[in-house]
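Labels below follow one simple rule: chain letters A, B, ... track the order of the sequence lines, proteins then strands, and each chain is numbered from 1.
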Protein chains: 4
Amino acid sequence: MRVKDETKRLAIVENTLDIVFEKGIAGIKMSVLAKRVGISPSTLYVYFKTKEDLIHSIATSLLKQMSKNQESALASESTFELKFRAKWINLLNFLLNHEKEVNFIDQWKQSPYFDKKSSKVWEYNKKVKNELFNEGREKEVLKDVNDFIIYAVMSGTAKQIIGLVKQGDLSLDKNSIDLYFSLVWDALKR
Amino acid sequence: MRVKDETKRLAIVENTLDIVFEKGIAGIKMSVLAKRVGISPSTLYVYFKTKEDLIHSIATSLLKQMSKNQESALASESTFELKFRAKWINLLNFLLNHEKEVNFIDQWKQSPYFDKKSSKVWEYNKKVKNELFNEGREKEVLKDVNDFIIYAVMSGTAKQIIGLVKQGDLSLDKNSIDLYFSLVWDALKR
Amino acid sequence: MRVKDETKRLAIVENTLDIVFEKGIAGIKMSVLAKRVGISPSTLYVYFKTKEDLIHSIATSLLKQMSKNQESALASESTFELKFRAKWINLLNFLLNHEKEVNFIDQWKQSPYFDKKSSKVWEYNKKVKNELFNEGREKEVLKDVNDFIIYAVMSGTAKQIIGLVKQGDLSLDKNSIDLYFSLVWDALKR
Amino acid sequence: MRVKDETKRLAIVENTLDIVFEKGIAGIKMSVLAKRVGISPSTLYVYFKTKEDLIHSIATSLLKQMSKNQESALASESTFELKFRAKWINLLNFLLNHEKEVNFIDQWKQSPYFDKKSSKVWEYNKKVKNELFNEGREKEVLKDVNDFIIYAVMSGTAKQIIGLVKQGDLSLDKNSIDLYFSLVWDALKR
DNA sequence: CATGAATGAGCCTTCATTCAT
DNA sequence: TATGAATGAAGGCTCATTCAT
């Protein structure tokens, strides 16, 4: 595969994310997508077998990226709270900087394109464990609740905050972030 | 003269919610919807002018319902914490018992059917104020943070929990609920 | 049949003519017609068996009226030219005052509603003879050309004039009419 | 890449004219048209954006053609009468040989497809002036009447004659044409 | 007779995909 | 590989007509 082609593939993916962000997953039209990318509709089929394949490919690849991000080293902070904080802020930033990717996955999970085959990929994603939570519970600084709950508080809060930031109802300056995290921490710390 | 059956309108709405829940908003096909309701496709157009009108009508009506639910009196609990708890559990129950309705609104907001006109309805919904939060801050039992943050923690956590419950990863027995709320309360109490 | 009903029938016919005049014969929609008349669509079917029947009935009845008008006594003018003039002006007036009726017939003749059955009615209409033309030729004041030609010049010119009058390009005052007729007369007089 | 076939566009137009001639403008059904042309219904939309566009395009193009025909040089006949005769016979021939085109325009002007936008095109058509008429009046061989009247007599008579010829009531041999023109000339000559 | 709800037939149009170059 | 023309399948919607009161 030549370099030129890989660029084109990326452009297709990028534009798909944009379209989904603007119009929803139901708004993906092959001809419109092609026009945005600047190629012919039939050329799309050189890179992706069908529309379903396009969507499925993007979703799978995004899920891998996201897992990778989550697993990414958590800096070498001194205290647990600082490590946990880094983790949460990492999540917050991810949601902020990858809104299109996150949005794509959210919509995909509820679309007709998400079927049995897809769900396997999704299940896999769910299994990614979190060493950090174990550490916190063992050191008795985190409440003794299961991973799901911890993650629910972390991500639920983060998602809502980002949503409100996007709507212009909240800001994300240093102080605000400190405040937001303090709430999450108060919820989970022992 | 045959008389217009209000039951029929309700059946149409109900089946639309079901379809969106099962297949996503892109899965609404007028002919399929009609078959599920047990009427002719053209009869749909007696009750709703177009497909767009159908979706917009449902969304508008659901938003009204939701606002009403949120405003509903919160019992006469003795302490503030109990009142707040009642409010949060009300939210939790709403998300649990109206998953289809909530799902419809979530999908609608990101679909091509959500346009400028629709967003006005949505903006209205956002303005619903919360007396309870004021009371909590004045009595100095809630942290002195703005409504958006409080709501972010409340609803973000609740949404995630319900999602995990639906996936079978969390349970909703009395003890669990107590636990979940304690986290929320720890996050927000002063 | 009661009087009330006959009024309604007339109203239906009248409104049909209006619609055809405004939107063309393809613009007849039973529901719209009903609304204009101020009755229910189904009531239309009390007076006319089908849409086709409605159109056919109107056409037939109009053709009868028109024949009658043509046959109508031509006053007792002294000279042949005056008689002929009266006849032509009668035609001119008819076209002017019955534009909707004439328009309906014109459109009907080219529509899918004009089929074999209908054409019989039309043929009949064509056969209406014109005693006047015979008289003119016998008295050797009209050129010795057949009825069709005479009628072609008379009606062709009249139709065009009325068309131009309707568009505001010609006027119909006494002097103008005299002028217009003088052309027709010059064409046909011996 | 398959290449766009201009023949196809012409075939579509041709068949549309035929259909309108046979069934009226209301008889245009995209599926039937496609079948007659020998293509798929969706292929029609490669050449014309919508049905309305198809009709409007044809009308506009025909009006241009017609204007052009009218403007076409009128041979270099010696006398004015011969020039005028050539002009009229040109008109007669046009009506005879382009009955479908003329019929299309006639029906279009009274159909729901003829709206404000269209009427502009039509107005333009009306403005085409006639040098010939000026010449005739100046040379004092034509009566001193305005263009509209002259045109009314010319075209009104021609239209009726062609109509009768089509119905088999008149013939168009050399002698007949001479006769018909003599009437027109008698009407207009000084 | 009068009505408005209900419907089936059919039309216009879109769109993912394939064809032919 | 790249393309734009071509298409079949399907979807939204209209409208004349009938039903049931």
Calculate the interatomic distance between [X] atom [atom1] and [N] atom [atom2]; express it in whole Å.
X: A:E52; N: E:dC15; atom1: CD; atom2: P; answer: 18 Å
X: A:I19; N: E:dC15; atom1: CD1; atom2: C1'; answer: 14 Å
X: C:Y45; N: E:dT7; atom1: OH; atom2: P; answer: 17 Å
X: D:I39; N: F:dG8; atom1: CD1; atom2: C1'; answer: 14 Å
X: A:M30; N: E:dC15; atom1: CE; atom2: C1'; answer: 10 Å
X: D:L44; N: E:dC12; atom1: CG; atom2: C1'; answer: 11 Å
X: D:L33; N: F:dT7; atom1: CG; atom2: C1'; answer: 16 Å
X: B:E6; N: E:dA6; atom1: CD; atom2: P; answer: 11 Å

_Most 5' of B:P41 and A:G38 on DNA chain F, judged by nearest nucleotide_ =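 This one resolves to A:G38.
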*asked:* Just to be sure I follow the notation: if a pair is Watson-Crick (purine N1 to pyrimidine N3 plus N6-O4 or O6-N4) or a G-U wobble (N1-O2 and O6-N3), each under 3.5 Å, what dot-bracket string does DNA chain E give, with | for pairs to another strand?
replied: .||||||||||||||||||||
Heavy atoms only, 4.0 Å cut-off, all strands: where does [X] land among base, sugar-phosphate and nothing?
X: C:K35; value: nothing
X: C:I28; value: sugar-phosphate
X: C:F48; value: nothing

*Could you tell me whether A:K23 sits above the aromatic face of B:F114, with NZ or CZ closer than 6.0 angstrom to the six-membered ring centre and within 45 degrees of the axis?*
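Judged by the rule (NZ or CZ under 6.0 Å from the ring centre, within 45° of its axis), A:K23 is not positioned above B:F114.
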Just N and O in the side chain of [X]: are any of them under 4.0 Å from OP1 or OP2 of [N]?
X: D:S40; N: F:dG8; result: yes
X: B:K49; N: F:dC13; result: no
X: B:S42; N: E:dG8; result: no
X: D:T43; N: F:dT7; result: yes
X: B:K8; N: E:dA5; result: no
X: C:Y47; N: E:dC1; result: no

Closest approach of [X] and [Y], non-hydrogen atoms and distance?
X: C:A26; Y: D:P112; value: CB-CD, 4.4 Å
X: A:E101; Y: A:L62; value: CG-CD2, 3.5 Å
X: C:S111; Y: C:I25; value: CB-CG2, 3.8 Å

*May I have the step-by-step check of side chain to side chain contact (heavy atoms under 4.5 Å, CB included) for D:F104 and D:T16, ending in yes or no?*
CA-CA 9 Å; D:F104 184 95; D:T16 306; 4.2 Å; yes
*Most 5' of B:V46 and D:T50 on DNA chain E, judged by nearest nucleotide*: B:V46
*Of all the nucleotides listed (E:dT18, E:dA2, F:dC13), which has the minimum atom distance to the side chain of B:K51?*
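That would be F:dC13.
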_Is a donor from one side chain sitting under 3.5 angstrom from an acceptor on the other, for D:D106 and D:Q110?_
no
_Test: D:E14 and D:R9 ion pair at under 4.0 Å_ =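 Answer for the salt bridge query: no.
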_Donor-acceptor contact below 3.5 Å, side chain D:N15 vs main chain D:A11_ = yes
